[in-house]
There are 2 protein chains.
Amino acid sequence: MNEKNYTIKDIARMANVSRGTVDRVIHGRGKVSKSTYEKVRLILDKLNYQPNLVAQTLRKGEVCRLAVLLPDFKFDIFWKRPINGIDTAIKDYASIGVRVDKFLFNPLRASSFRKNAKSILEDGYDGILVAPNLYRESVEFFRECDKIGLPYVTFNTYIENTNALGHIGQDLEQSGKTAASLMTKLLPGPEELMVVHVEESLENARHMQEKESGFKQFYEERNSGGVRIHVLKTDNLKKIKKTFLQVLKTNPGIGGIYVSTSKVYIIAQILEKHSISSFLIGYDLLDENIRYLKSGHIDFLIYQNPGIQSNLGISCLVDHLLFKADIAKKKLLPIEIVIRENIENYLQ
Amino acid sequence: MNEKNYTIKDIARMANVSRGTVDRVIHGRGKVSKSTYEKVRLILDKLNYQPNLVAQTLRKGEVCRLAVLLPDFKFDIFWKRPINGIDTAIKDYASIGVRVDKFLFNPLRASSFRKNAKSILEDGYDGILVAPNLYRESVEFFRECDKIGLPYVTFNTYIENTNALGHIGQDLEQSGKTAASLMTKLLPGPEELMVVHVEESLENARHMQEKESGFKQFYEERNSGGVRIHVLKTDNLKKIKKTFLQVLKTNPGIGGIYVSTSKVYIIAQILEKHSISSFLIGYDLLDENIRYLKSGHIDFLIYQNPGIQSNLGISCLVDHLLFKADIAKKKLLPIEIVIRENIENYLQ
DNA sequence: AAAAACTAAGTTCTCGTGCACATTTCTATT
DNA sequence: AATAGAAATGTGCACGAGAACTTAGTTTTT
């Protein structure tokens with residue numbers, strides 16, 4: 001019950017050797033006779049010796065240095081929350097001696113990515129968390145990392161065939177499927193539905209596509225042949241109202257709308273204004289969205305906490321570097337289903 | 001950007017005093033002249049000195065000792081997961097010098113609670129996490145704690161008018177409301193519903209009641225006058241099938257069933273066997289429940305991770321004791337809505 | 001005026017780890 | 001047997017905080 005935490009000193013005393021010898025055994029630094037090695041090893045194993053992480057951290061000062069390479073939210077607001085999440089993670093990990101430096105690149109300029117990547121490679125970091133949304137440059141960067149054995153974790157955008165330690169991201173397809181499943185719960189019969197993409201960021205172009213694909217896939221897998229899905233895509237916030245209403249008018253059978261982005265409140269607004277009754281599912285806990293969820297104009301919000309994503313990314317590297325833990329290749333974020341009654345959990 | 005973390009030594013050098021003096025200023029231990037005090041204080045404030053938590057922990061060895069007083073899961077399986085959660089928390093906090101000891105009592109015997117409570121009081125702990133499900137004994141225990149200024153956090157069962165530092169628990173009423181809200185999404189019209197309580201543990205008797213109350217409240221608040229709710233309560237697993245089928249037969253209009261416990265798979269089983277089609281909402285990610293969720297016999301599962309609950313409980317005490325943080329009086333657990341498409345997030 | 005009491009400050013030790021350096025022990029060669 | 005050289009093992013210090021202990025200087029007491 002009352003487990004004592006054995007120290008190197010304890011082990012040394014029990015094995016009748018000095019601390020230095022125990023230390024050498026623990027770290028396999030050699031220069032220990034075979035018999036001594038085995039004697040110490042046995043005691044170590046029997047007592048299940050765990051080094052005192054606190055002392056270790058104190059001694060080492062900075063345990064490891066991580067670099068984070070993400071798009072600057074100045075150019076793409078999408079990245080604001082992941083970056084805030086990183087800031088939180090930085091504080092959390094500072095106490096155990098992990099230092100994290102941020103490198104933010106302009107996602108419109110390959111040169112900006114290259115420049116930051118170069119700095120990272122030159123600065124001798126121990127691990128990197130990177131959003132590889134510039135494909136060619138990222139692959140090039142990964143080659144460099146592989147060359148010098150620098151571990152990296154990919155973030156948000158998944159790239160095949162890399163030696164990444166892991167990937168942290170949203171499961172967009174599954175997210176679309178979740179939306180579709182919720183939709184059929186609202187509208188069990190064969191129905192006419194609409195998928196609306198309200199472009200909000202560069203990053204999201206690809207995301208929206210995958211969500212739509214997941215949404216459709218759900219119905220294909222179910223063989224719900226009777227379902228008709230209309231897709232509306234726009235990046236012009238001014239035009240959207242007109243186009244949207246037109247699609248609705250042309251297809252009066254549409255009973256459910258799935259908005260693939262956090263801009264779902266725009267659709268809710270239109271529905272409210274024109275007193276159109278339709279089921280509505282969208283993303284994220286923006287204040288406007290919450291208002292419409294509470295008023296009943298939005299039926300479900302799906303939430304994938306980007307803050308958690310950042311934290312997972314850092315912890316993934318730390319686990320590998322510090323605790324030598326085997327980490328899951330792909331860590332995906334929870335897809336949270338939010339309604340009026342359980343929203344409180346997700347606010348703060 | 002590149003904030004250096006100043007140490008006592010740095011401060012001492014800048015103020016031209018010794019480390020001891022700085023230490024005295026920091027901890028207000030007196031024996032420092034006014035002029036020196038102010039000189040040091042000024043530098044401290046200007047540099048926003050934060051003591052190195054790692055060194056502090058190392059020095060102090062054990063930072064604090066916490067006791068956890070819960071029912072033994074040998075007598076009530078309900079407590080298995082919270083206790084597992086505690087075990088996880090114990091490991092997590094060990095690294096920062098927090099020691100947690102478990103005291104498990106027999107929830108059927110007041111004497112068992114008393115005996116454990118006495119041990120805790122005598123052993124000089126710094127804080128206590130307690131499940132006060134034996135009312136009279138708990139109140140008595142809290143009086144003792146108050147007397148010696150021992151902080152405690154209540155867990156799972158809420159007791160009014162205590163000086164508890166906080167309470168960690170499920171929001172049962174809200175949980176019932178969530179179920180009701182999901183039900184209306186499945187069954188929008190005025191309907192006939194059933195609430196089934198399948199008693200599974202002592203603890204749950206009260207829980208079930210609150211969930212039912214929340215479920216009904218949802219409809220009252222909405223003024224859905226047309227809804228009829230039948231309640232079935234049983235602790236006899238053998239009889240349940242018969243009674244349940246009888247209620248269904250007598251009230252053929254019932255279109256939705258809300259099971260207030262994790263035993264929802266029993267109902268699903270009956271529905272499946274008799275090919276009864278009805279919407280079904282229940283609790284927890286038991287293997288059987290997951291199977292029925294995947295097969296479509298269960299429509300929604302609600303999940304309130306008891307492991308998280310334990311962790312929150314410990315962190316609540318640690319925040320208070322170590323970081324002197326103001327903690328929220330009531331911390332409630334997320335109410336997670338689980339369907340086939342997002343279940344993966346919650347498994348492991 | 002010397003001893004005692006007190007104040008303000010400095011010094012040293014501890015916590016457990018990890019590494020550099022010092023010392024001992026063993027082996028091989030002359 | 002003496003000794004170099006390697007191999008094995010021991011020791012000391014630093015990391016930063018914190019508290020006990022020590023010292024220097026001042027005031028009070030007898």
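Order of the sequence lines fixes the chain letters, A, B, ..., with proteins taken first and strands second; residue numbering starts at 1 for each chain. Predicted model only: the values in this text are computed from it and were never measured.
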Legend entry - Basic-acidic side-chain contact under 4.0 Å: B:Arg41, B:Asp45: yes
Inset, instruction - Provide, to the nearest angstrom, the distance between the NZ atom belonging to A:Lys9 and the P atom belonging to C:dT17. - result: 10 Å
Inset, instruction - Please find the earliest and latest nucleotides of DNA chain D, in the 5' to 3' direction, that have an atom within less than 4.0 Å of any heavy atom of chain A. - result: D:dA8 to D:dG16
Legend entry - Aromatic ring proximity A:Phe142/A:Tyr152, centre distance under 6.0 Å: yes
Inset, instruction - Inspect the contact between A:Asp146 and A:Arg143 and indicate whether a charged nitrogen and a carboxylate oxygen are less than 4.0 angstrom apart. - result: no
Inset, instruction - Could you tell me the separation between the OH atom of B:Tyr37 and the P atom of C:dA9, rounded to a whole number of Å? - result: 13 Å
Inset, instruction - Determine the minimum heavy-atom distance between A:Ala131 and A:Leu70, stating which atoms define it. - result: CB-CD2, 3.7 Å
Inset, instruction - Select base, sugar-phosphate, or nothing to describe what A:Tyr49 touches, counting heavy atoms under 4.0 Å on all strands. - result: sugar-phosphate
Legend entry - Contact residues, residues 25-34 of chain B to DNA chain C [heavy atom, < 4.0 Å]: B:Lys31, B:Val32, B:Ser33
Please list every donor-acceptor pair under 3.5 Å in which a side-chain atom of residues 116-124 of chain A meets a protein atom from a residue at least two apart or in another chain.
{"from": "A:Asn116", "atom 1": "ND2", "to": "A:Ser112", "atom 2": "O", "distance (Å)": "2.9"}
{"from": "A:Ser119", "atom 1": "OG", "to": "A:Lys115", "atom 2": "O", "distance (Å)": "3.1"}

Inset, instruction - Apply side-chain hydrogen bond (donor to acceptor under 3.5 Å, both in side chains) to A:Asp171 and list each qualifying residue two or more places apart in sequence or on a separate chain. - result: none
Inset, instruction - Determine the contact category for A:Ile8: base if any of its heavy atoms lies under 4.0 Å from a base atom, sugar-phosphate if only primed atoms, P, OP1 or OP2 are that close, otherwise nothing. - result: sugar-phosphate
Inset, instruction - Would you indicate whether the side-chain heavy atoms of A:Thr88 and A:Ser310 approach each other to under 4.5 Å? - result: no
Legend entry - Centroid-centroid under 6.0 Å between A:Phe113 and A:Phe105 rings: yes
Inset, instruction - For B:Thr36, check side-chain hydrogen bond (donor to acceptor under 3.5 Å, both in side chains) against everything at least two apart and list the hits. - result: B:Ser33
Atom pairs, N/O to N/O, protein against nucleotides 10-13 of chain C, distance under 3.5 Å?
{"from": "C:dG10", "atom 1": "OP2", "to": "B:Ser18", "atom 2": "N", "distance (Å)": "2.5"}
{"from": "C:dG10", "atom 1": "OP2", "to": "B:Ser18", "atom 2": "OG", "distance (Å)": "2.8"}
{"from": "C:dG10", "atom 1": "OP2", "to": "B:Thr21", "atom 2": "OG1", "distance (Å)": "2.9"}
{"from": "C:dG10", "atom 1": "N7", "to": "B:Arg24", "atom 2": "NH2", "distance (Å)": "2.9"}
{"from": "C:dG10", "atom 1": "O6", "to": "B:Arg24", "atom 2": "NH1", "distance (Å)": "3.0"}

Legend entry - Atom of B:Gly313, atom of B:Leu129 and distance for their closest heavy-atom approach: CA-CD1, 3.9 Å
